[in-house]
Amino acid sequence: QVRLVESGGGLAQAGGSLRLVCIVLESPFTIETMGWYRQAPGAQRELVAQVTPDGSTAYAESVKGRFTIAREFPKASMHLQMNNLEPEDTDVYYCKAMERISTTAIRPYWGQGVQVTVSS
């Protein structure tokens with residue numbers, strides 16, 4: 001079964017950096033768009049950044065200029081480099097991967113989430 005392995009969360013000071021990594025395991029099909037989302041208690045899950053198969057990216061307005069997402073080929077993985085962290089970035093971050101299983105079917109997979117905490 002497809003699994004997403006997330007790493008890189010933890011505690012950072014304001015102005016510091018963290019690097020989130022997501023690796024897709026056991027996928028016999030093509031992984032297309034991948035992204036990172038975050039969700040605060042009682043809130044909707046919010047797109048932080050995503051990268052499409054052609055390398056194009058999209059970012060939430062609040063992280064533009066501070067976060068950078070990139071896909072790593074040929075393996076199905078990506079990273080999110082988070083610089084100039086702010087306390088408002090504190091949240092649980094989830095990796096999402098879209099798996100193409102046929103020409104007409106695509107399936108989303110989610111990681112279990114990693115905690116990012118930014119102090120001061």
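Values below: all heavy atoms of this structure, side chains included; hydrogens, waters and symmetry mates excluded.
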Residues clustered with F29, ILVMFWY side-chain links under 4.5 angstrom: I101
CZ-CG distance between R66 and L85, expressed to the nearest 0.5 angstrom: 6.5 Å
Residue Q44 excluded, over 12 heavy atoms near CD under 6.0 Å: no
Interatomic spacing from CZ in R71 to OG in S56 - rounded to 0.5 Å: 12.0 Å
Whether R100 side chain and T30 backbone form a donor-acceptor pair below 3.5 Å: no
Linked, directly or transitively: V24 and Y94 (ILVMFWY side chains, under 4.5 Å): no
Co-membership, hydrophobic cluster, residues V51 and L4, 4.5 Å side-chain: yes
Smallest separation among heavy atoms of D89 and R38, with atom names: OD1-NH1, 3.2 Å
Donor-acceptor contact present, side-chain Y59 to main-chain I69, <3.5 Å: yes
Members besides L11 in its Ile/Leu/Val/Met/Phe/Trp/Tyr cluster (side-chain heavy atoms under 4.5 Å): none
Which atom of E6 lies closest to which atom of C95, heavy atoms considered: OE2-N, 2.6 Å
Where P87 and A14 come nearest, the two heavy atoms and their spacing: CD-CB, 4.2 Å
Shared hydrophobic cluster for W110 and L47 (ILVMFWY, side-chain gaps under 4.5 Å): yes
For I106, the rest of its hydrophobic cluster, which grows through side-chain links under 4.5 angstrom: M98
Taking every non-hydrogen atom, the tightest pair across S7 and V114: N-CG1, 4.4 Å
CD/Q39: more than 12 non-hydrogen atoms of other groups inside 6.0 Å: yes
Minimum heavy-atom distance between G8 and L18, given as atom pair plus value: O-CD2, 3.9 Å
Contacts of Q115 that satisfy side chain to side chain donor-acceptor pair (under 3.5 Å) - sequence neighbours left out: T117
Side chain to side chain, C22 and M34, heavy atoms closer than 4.5 Å: yes
Verdict with supporting geometry, W36 and M82, side-chain contact (heavy atoms from CB on, under 4.5 Å): CA-CA 11 Å; W36 285 96; M82 304 186 294; over 6 Å; no
By side chain to side chain donor-acceptor pair (under 3.5 Å) - contacts of Q50 (at least two apart): none
Partner residues of S17 under the side chain to side chain donor-acceptor pair (under 3.5 Å) criterion, sequence neighbours left out: N83
Sole residue of D91, T90, L80, L20 in side-chain contact (heavy atoms from CB on, under 4.5 Å) with V116: L20
Distance (rounded to the nearest 0.5 Å) between T33 OG1 and K96 NZ: 8.5 Å
Any side-chain heavy-atom pair of M78 and I31 under 4.5 Å: no
